[in-house]
2 protein chains.
Amino acid sequence: MRLTTKGRFAVTAMLDLALRQDNGPVTLAGVAERQRISLSYLEQLFGKLRRQELVASVRGPGGGYCLARDARNISVAQIITAVDEPLDATQCGGKENCLDEHRCMTHDLWSSLSRRMYDYLDSVNLHELMVQQRDKTTHRVVVHDHSARPGVSEMVRVQL
Amino acid sequence: MRLTTKGRFAVTAMLDLALRQDNGPVTLAGVAERQRISLSYLEQLFGKLRRQELVASVRGPGGGYCLARDARNISVAQIITAVDEPLDATQCGGKENCLDEHRCMTHDLWSSLSRRMYDYLDSVNLHELMVQQRDKTTHRVVVHDHSARPGVSEMVRVQL
DNA sequence: ATAAAGTCGACTGAATTGATCGGGAATTGG
DNA sequence: CCAATTCCCGATCAATTCAGTCGACTTTAT
């Protein structure tokens, strides 16, 4: 699983969509303007998201995109893997041609690690992000954490 | 935080190093051959790892690289961020020039999400990977001591 | 002195990123 | 029906990153 700004764009756009789909389909032009992402680029991303059946499209005036399922049922991992090319990552791609003493340590290690990464991102869904974002914009309740780790902090309390 | 094959190479090479440093410094030529990574490319990666003080070098015959500290004290996150360019990620980079109604949803969302990713990778250290790899190659038993992550609802709650 | 090893900088081809453009097809409102 | 709106698709592009290569250099053990 790759993690770049491309996936970030997709997650951001999906969140914008999720927060606004109550008033019917959301146009890409709107998302592009609000999130400052190129419209044509968004079209490419949403082409993939639609083919992965994460969103559904409505053509014509008044059209746009909606989530294809409940926000609770769309994970961040699904969004990212939908738009990112599948990072092959193993040079011995299943062929086991790395017959040295370690017998493909690379493959074992990375598949395990990337599996754990995926599991984590798969445990975060769109609905949680919506709640988190609503809390921020409406109540502006931001909890700063200055306790444990010095240097990096500023965490936000997520309401459940 | 970016996640590509570059970081994977670095983690793999560091693990190879960790598993062999008992017999003194490990040469990059050895790592390159065992892990099938270009020597010159490894040199670039280890240049960064050395400048980040994750490894120490010994020049001359019999030289090579050693870990700069205990394997328990080197996290996967440290390795990856050492070799990857810092992914800027925010188009409103601190400048807050995204003054629309959402007021920089992008920044808040992604910094929170990427922070959680970093925390996770920072919780995995080289020593764990060594144990896991040793178990695999000798007993072929996979240890999942880390898997007791809480469920979805608990995951959202950011540690305070 | 020689050889083994790290160090450094420049360079390269391929892929990916993010964006632009032009031309469609579907559908709605008038 | 017609025109505007919106999704859809393909080609193309500059910039960046990836992964690797090369050549020259420094340090040090024998």
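Protein chains get the first letters and strands the later ones, always in sequence-line order, with residue 1 at the start of each.
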Whole Å only: how far is the [atom1] atom of [X] from the [atom2] atom of [N]?
| X | N | atom1 | atom2 | value |
| --- | --- | --- | --- | --- |
| A/R2 | C/dA15 | CZ | P | 12 Å |
| B/L49 | C/dG6 | CG | P | 13 Å |
| B/K48 | C/dC8 | NZ | C1' | 14 Å |
| B/I80 | D/dC18 | CD1 | P | 12 Å |

Are OP1 or OP2 of [N] and a side-chain N or O of [X] less than 4.0 angstrom apart?
| X | N | value |
| --- | --- | --- |
| B/R51 | C/dG6 | no |
| B/S57 | C/dT7 | yes |
| B/Y41 | D/dC22 | no |
| B/S38 | D/dT21 | yes |
| A/R50 | D/dC8 | yes |
| B/T4 | D/dC18 | yes |

Candidate nucleotides [options], ranked by approach to the side chain of [X] - the nearest:
| X | options | value |
| --- | --- | --- |
| B/I37 | D/dG20, C/dA19, C/dT7 | D/dG20 |
| A/P61 | C/dG6, C/dT28, C/dA19 | C/dT28 |
| A/E43 | D/dT27, D/dC8, D/dG20 | D/dC8 |

Is it the case that the base of C/dT20 and the side chain of A/Q44 share a donor-acceptor contact (distance under 3.5 Å, atom types as modelled)?
yes
Is any N or O donor-acceptor pair between the side chain of B/R59 and the base of D/dT26 shorter than 3.5 Å?
yes
May I ask you to say what [X] touches in the nucleic acid, namely base, sugar-phosphate or nothing, with a heavy-atom cut-off under 4.0 Å?
| X | answer |
| --- | --- |
| B/G64 | sugar-phosphate |
| B/L39 | nothing |
| B/T27 | sugar-phosphate |
| A/V55 | nothing |
| A/Y65 | sugar-phosphate |
| B/G62 | sugar-phosphate |

Just wondering, do A/R116 and B/V124 contact through their side chains at under 4.5 Å, heavy atoms?
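A side-chain contact exists here, since the closest heavy-atom pair is under 4.5 Å.
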Considering only heavy atoms from C-beta outward, does the side chain of A/Y118 approach that of A/T81 to under 4.5 Å?
yes
ILVMFWY network linking B/V55 to B/V58, side-chain heavy atoms under 4.5 angstrom
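Looking at the clustering, B/V58 is in a separate group from B/V55.
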Would a single hydrophobic cluster contain both B/Y41 and B/F46, if residues Ile, Leu, Val, Met, Phe, Trp and Tyr are joined by side-chain heavy-atom contacts under 4.5 Å?
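Yes, because B/F46 and B/Y41 connect within a single hydrophobic cluster, where side-chain heavy atoms sit under 4.5 Å apart.
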Where each residue is assigned the nucleotide of DNA chain C containing its nearest heavy atom, which of A/K6 and B/S40 is assigned the position nearer the 5′ end?
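The residue closer to the strand's 5' end, by nearest nucleotide, is B/S40.
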Could you tell me whether A/R34 and A/D16 have a side-chain N and a carboxylate O separated by less than 4.0 Å?
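Salt bridge between A/R34 and A/D16, a charged N being under 4.0 Å from a carboxylate O: yes.
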Side chain of A/Q35, backbone of A/T12: donor and acceptor closer than 3.5 Å?
no
